[in-house]
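Single-structure report; data block below.
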Amino acid sequence: MRSAKASIITFITWVIAVTYFFPVLWMFINAFKTENDAASLTPKFIFTPSFEGFQRLMDRGMASYLTNSILASVTSTVLVLLLSVPAAYALSIRPIVKVQDVLFFFISTRFMPAAASILPMFMIFKTLNVLDNVFALSLVYAAMNLPIAIWMMRSFLSEVPMEIIEAARIDGANFRTEVTKVVLPIVLPGIAAVALICFIFSWNEYFFSVLLTSANAKTTPPFLASFVDGRGQFLAVLSAASTVAALPVIIAGWLAQKQLVRGLAMGAVK
Amino acid sequence: MTTATPTMTKAASGLRNIALSRALVAPALIFSIALTQIPFLVTIYFSLMRWNLLQPKERGFAGFENYIYVFKTGDLFPAIKATVGLTAISVVTSLLVGLLFAILLDRTFRGQSIARTLIITPFLIMPAASALIWKFSMFDTNIGVINYIVQKLGFSAIGWSTEYPYISVIILLTWQYAPFMMLILLSGLQSQSREVLEAAAVDRAGAWRTFLLITLPHLRQYIEISILLGTIMLLQAFDPVAIMTKGTGGTKTLAYLLYERAFVGMNVGQAAAYGVVTVVLTIIVATIALRTLFKVFMTGVNK
């Protein structure tokens, strides 16, 4: 009786999980169809696989948009790590006055709607002649991710046992040894989680990329939207492009689920 | 004399520590101020200017003209309503769906981790891709899968993103963010003490009572975190509106309105005034949210 109930719940769970995943599965399936098959009024599950969609997105130069996405995401992630690790270190291990105020400031910048600063950003970029520049875009992404990164890093760092650090200090370790030999090895998984999340947010970002870039520096998300303007059928090529664009993050997320949770909850959840 | 020396070195090293800490925080602080606060000051300045990119000659000081325009035009209130409504409803629906998933996945069964992986995927998909895929392969009147099912059930096709844009955006946002809520709530469920649950089972407390009296109070801080983070992310959601509805049918949020004013209307002064008003409103909401929920974050800061 009990096990029958359990199997029913398990069955329901599976039905829900598969249904929930279906739009993603459908995107994968449509990516390998011809436009005619994808536009079929009756959803087609059996069809001759075609790489037409992938061929067409290569023809439309998706490679250069992907390159821009990689450049913007990697550059901003590195920048965020360089800024957030020392700051979080000061905010957790080395006590500083007004920790609360500083943390509050950082988190409050995340609440600020991106739309509120986009206009001057656009004007300043235009004046400095860095509109449509992928590195200027990464600066914006770094500013966008910095508060989250500091929060996350602080929670990872505050888990380092103070005794270990004090023991190292008593042994005469200077600041550099304390950081490189004692603290960093312990928080390395945390740094990886922060890097992953910053990368994901930058990779997926749409708003700034639409407004601050055009032909040279445009990243993948606006490129996806550009398929819709085309006449005629586009679902297969759109699905192929979306699959290529989403796959790196999906795989990274699947592999690093645990770190993702810890990171996204910003340490508030242990 | 012997006691004075250690105190002095301690004080001296304390001073060095403070200087060092400041040096470590400074770059992040300066960077953040330069890229978020200074542009906002510039926005305030722009908002006091008469400045339309289509009429460059008429540029000049406008006083509060733009603000009067913002409040008089009458699209501000609908935008506030859209933003608050879409955010609040989506946060609640994501939370409820996420809670259901978390409860279902907090059991041991074969392939549990695969089921969890399937469910978290929508959160990982690029939001622009999600919006496009839903609009054209799920919601579409002709080839959308949902309409295929609706028609099979004997109803006529529904023009989701055109006739019911508001609901469509909520469905999309819930689909995207429920997995995120699930991840946080699941880690909450898994951190419950097994002994307490077993004790409840011994006492024949019943599943529903156990959930209500033990699990839910335990989950409280996880729910608070989910709401706070969900609100931060959903307040900024621009992609679904820009891609799926273009602000039609009550989905013109503040972010989209601002975008429309600035980059379609080309009126810098007016757009800036909308920006300032948006920020002020956000600060009010954020202060309330942080006042009530921030203490969750602050635990452990002052140790």
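Order of the sequence lines sets the chain letters (A, B, ...), proteins ahead of strands, with each chain counted from 1. Worth knowing before you read on, the calculation uses all heavy atoms, side chains too, and leaves out hydrogens, waters and symmetry mates.
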Is chain A contacted by the side chain of [X], its backbone, both, or neither, given a heavy-atom distance below 4.5 Å?
X: B:Ile119; answer: both
X: B:Leu257; answer: neither
X: B:Ala242; answer: side chain
X: B:Tyr148; answer: side chain
X: B:Tyr256; answer: neither
X: B:Gln37; answer: side chain
X: B:Ile120; answer: side chain
X: B:Arg110; answer: backbone

*Do B:Phe180 and B:Phe123 have ring centres separated by under 6.0 Å?*
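Ring centroids of B:Phe180 and B:Phe123 are less than 6.0 Å from each other.
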*For the residue pair A:Tyr89 and A:Phe175, is the inter-centroid distance of their aromatic rings smaller than 6.0 Å?*
yes
Under 4.5 Å from a heavy atom of chain B, the part of [X] involved:
X: A:Leu41; result: both
X: A:Trp26; result: side chain
X: A:Thr42; result: both
X: A:Ile250; result: both
X: A:Leu247; result: neither
X: A:Ala142; result: both
X: A:Leu139; result: both

Specify which of [options] makes the most heavy-atom pairs with chain B at under 4.5 Å.
options: A:Ala38, A:Pro23, A:Ala39; result: A:Pro23
options: A:Ala246, A:Pro221, A:Ser84; result: A:Pro221
options: A:Ile124, A:Asn30, A:Leu211; result: A:Leu211
options: A:Met121, A:Met27, A:Gln257, A:Met123; result: A:Gln257
options: A:Thr19, A:Ile200, A:Thr13; result: A:Thr13

If you count heavy-atom pairs within less than 4.5 Å of chain A, which of [options] leads?
options: B:Leu41, B:Ile125, B:Leu105; answer: B:Ile125
options: B:Ala128, B:Ala129, B:Pro27, B:Ala28; answer: B:Ala28
options: B:Ala131, B:Ala262, B:Ser137, B:Ser113; answer: B:Ser137
options: B:Val97, B:Leu132, B:Val42; answer: B:Leu132

Donor-acceptor pair, [X] side chain versus [Y] backbone, under 3.5 Å?
X: A:Glu205; Y: A:Ser209; answer: yes
X: A:Ser69; Y: A:Thr220; answer: yes
X: B:Trp175; Y: B:Pro122; answer: no

_A:Trp254-B:Thr121 side chain donor-acceptor pair, cut-off 3.5 Å_ =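 Yes, because at least one side-chain N or O of A:Trp254 sits under 3.5 Å from a partner of the opposite role on B:Thr121.
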_Taking the side chain as everything from C-beta on, heavy atoms only, tell me whether A:Asn145 gets closer than 4.5 Å to A:Ile197._
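No, side chains not in contact.
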_Non-hydrogen side-chain atoms of B:Val268 and B:Met49 separated by less than 4.5 Å_ = no
*asked:* Which heavy atom of A:Ser242 sits nearest to which heavy atom of A:Leu224, and what is that distance?
replied: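 It is N-CD2, 3.7 Å.
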_For B:Thr36 versus B:Ser32, what's the shortest heavy-atom pair and its separation?_
OG1-O, 2.6 Å
If the plane angle is over 60° it's perpendicular, under 30° parallel, otherwise tilted; pick one for [X] and [Y].
X: B:Phe109; Y: A:Trp14; value: perpendicular
X: B:Phe46; Y: B:Trp51; value: perpendicular
X: B:Phe263; Y: A:Phe122; value: perpendicular

*asked:* Working note: B:Thr117 + A:Phe21, criterion side-chain contact (heavy atoms from CB on, under 4.5 Å); need CA distance, chi angles, decisive distance, verdict.
replied: CA-CA 9 Å; B:Thr117 303; A:Phe21 183 72; over 6 Å; no
